[in-house]
Amino acid sequence: MPYRTPDLMGTSADLPARHRLALMAARILLTLRHPLLVARFAGRLGYLPNPAAPTRYNELMLWRKITDHNPLFVKLTDKLAAKTYIRAACPEVPVPETLWSGRNPEDIPAELLAGQIVVKTNHGCAMNIFVSGNRPERSEIVRKTKRWIRKRYGRRNGEWAYWSIEPTVFVEERLTLASTSIATDIKVHVCGGDISHVWAEDKLAGRSHLFDGDGRPLPGRDPDYPREDQSLPVSPALLDFVRQAVALAPRIAGDLDHARIDFLVTDRGLYAGEICIYSAAGYGTWSNPVIAERLERLWRLEESAYLRRRHRGVSRLYAEALHARCAVRAAKESHAEVDPKSKIKLAR
């Protein structure tokens, strides 16, 4: 059985009675308020979550979806607005050029569709049409994108930040990705400025590899490419790109408690891709337990927008209880670091 780091978040016995009661009441209330999300979570991941006092990675994602409605998440989730944000945060990293945007796909200039471009919408995932020399036909592009802009993405999985984005169609330059030779994408998980892990993949070849926060290869598989024969070869060029991404991602993520920063790998170098707030809709798993353990240690709720702002009434009681629970965790970590007999190896 793989070693699992002991829970440092603290048990109910570590908290005063008023905080225990507040967290218990919040768990009941949030479960009753979001029964479908809780049921879907249990069906996907095999256990009943605690949406009020999360400990495990997937619970933290669930808590973010139903509790932490940071207004910045909307901007970062909007694929067009995120480009502006990335340029301001890290101007030396190129982003794919937007050639046109608008609400009506029938207005896309015909000359753009004659070239090598990608047609996208800004308010969801997997809404991309790769166009080359007027193929697919204009009528198909218009039909498909009109269907997309009528759809409100993220409802099923509770991905709140998508809901208020104004759906827009845009045309983007089509980059030549370094598939088969290196990779197509590098995804970096960042928690409060610290790198949890990196996921490099070749989407065209169906291969991937995992790396630690220092860019060193890790064993284990991800859910998209779970077989060992889908492992992406680790080359000096790939390692160089991974280390570049590791250096750049914290600048883009800033002080967010967690974000996944995606890069595109091209023959010309790295391009910034997207900022993912709800990675894999909150259901991501890995065959290597070290990855989830490191995420759970680095993701600190006290750094979330929810716990950084003032609350009133019942919400204040809940926020105070959650703050107290975070303080218990910090105290336990501090003790573990100074105790020479401790077997806990904290990830920094």
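Computed from a predicted structure; not experimentally measured.
- Salt bridge Glu333/Arg300: present, at least one basic N to carboxylate O contact under 4.0 Å.
- Taking the side chain as every heavy atom from C-beta outward, Met127 and Lys151 approach each other to under 4.5 Å.
- Salt bridge annotation for Glu302-Arg325: absent, with no cationic side-chain nitrogen under 4.0 angstrom from a carboxylate oxygen.
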Item checked: Candidate pair Arg64 and Asp257, rule salt bridge (charged side-chain N to carboxylate O under 4.0 Å, His left out), full reasoning -> CA-CA 10 Å; Arg64 165 177 278 188; Asp257 50 327; 3.0 Å; yes
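- Annotation: side chain of Phe170 is in contact with side chain of Lys79 (closest heavy-atom distance under 4.5 Å).
- Residues satisfying the salt bridge (charged side-chain N to carboxylate O under 4.0 Å, His left out) test with Glu111, not counting sequence neighbours, are none.
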Next item on the list: Start with the C-alpha distance between Arg56 and Glu293, add both sets of side-chain angles, then the distance that settles salt bridge (charged side-chain N to carboxylate O under 4.0 Å, His left out), and finish with yes or no.
Entry: CA-CA 8 Å; Arg56 300 170 71 172; Glu293 292 165 8; over 6 Å; no
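- A cation-pi arrangement is found for Lys65 relative to Tyr283, the charged atom lying closer than 6.0 Å to the ring centre and inside a 45° cone about the ring normal.
- Note that CD1 of Ile165 and NE2 of His123 are 8.0 Å apart. Values are rounded to the nearest 0.5 Å.
- Distance check, rounded to the nearest 0.5 Å: CG of Asp78 to CD of Glu274 gives 11.0 Å.
- Every residue two or more places apart in sequence or in another chain that forms a side chain to side chain donor-acceptor pair (under 3.5 Å) with Arg308 is listed here: Asp255.
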Next item on the list: Could you go through the side-chain hydrogen bond (donor to acceptor under 3.5 Å, both in side chains) check for Asp202 and Ser179 one step at a time?
Entry: CA-CA 6 Å; Asp202 184 339; Ser179 176; 2.8 Å; yes
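- Side-chain contact between Leu21 and Arg18 is absent, with no heavy atoms from C-beta onward closer than 4.5 Å.
- The CZ atom of Arg20 sits 9.5 Å away from the CG atom of Asp14 when rounded to the nearest 0.5 Å.
- Ion pairing between Lys187 and Glu201 holds under the 4.0 Å rule for side-chain N and carboxylate O.
- The hydrophobic cluster containing Val38 also includes Leu48, under a criterion of side-chain heavy atoms closer than 4.5 Å among ILVMFWY residues, counted directly or through chains of members.
- In this structure, the side chains of Leu23 and Leu15 come closer than 4.5 Å at one or more pairs of heavy atoms.
- Hydrophobic clustering (ILVMFWY, side-chain heavy atoms < 4.5 Å, transitive): Leu307 and Leu60 are in one cluster.
- For Glu172 and Lys83, the salt-bridge test passes: some basic side-chain N is under 4.0 Å from an acidic carboxylate O.
- Atoms OG1 and CZ, on Thr67 and Arg33 in that order, are 9.0 Å from each other to the nearest 0.5 Å.
- For Ile66 against Pro51, the heavy-atom pair with the smallest separation is CD1-CB, 3.6 Å.
- Taking 4.5 Å as the limit, every side-chain heavy atom of Leu256 sits out of range of all side-chain heavy atoms of Glu303.
- With salt bridges taken as basic N to acidic carboxylate O contacts below 4.0 Å, none links Arg138 and Glu106.
- The aromatic rings of His311 and Tyr306 sit tilted, their planes meeting at an angle between 30° and 60°.
- Shortest non-hydrogen contact noted between Asn58 and Gly284 is ND2-O, 3.0 Å.
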Item checked: CA sep, side-chain torsions, deciding dist, call: Arg268, Thr176, side-chain hydrogen bond (donor to acceptor under 3.5 Å, both in side chains) -> CA-CA 9 Å; Arg268 290 181 283 170; Thr176 301; over 6 Å; no
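- Here Thr266 contributes atom OG1 and Leu175 contributes atom CG; the two are 6.0 Å apart, rounded to the nearest 0.5 Å.
- Aromatic ring pairs are classed by plane angle as parallel below 30°, tilted from 30° to 60° and perpendicular above 60°; the pair Phe73 and Tyr278 is perpendicular.
- With values rounded to the nearest 0.5 angstrom, Glu59 atom CD is found 4.5 Å from Tyr47 atom OH.
- Considering only heavy atoms from C-beta on, His189 stays 4.5 Å or farther from Trp299 through its side chain.
- Using the six-membered ring where Trp is involved, Tyr57 and Trp286 have ring planes that are tilted, between 30° and 60° apart.
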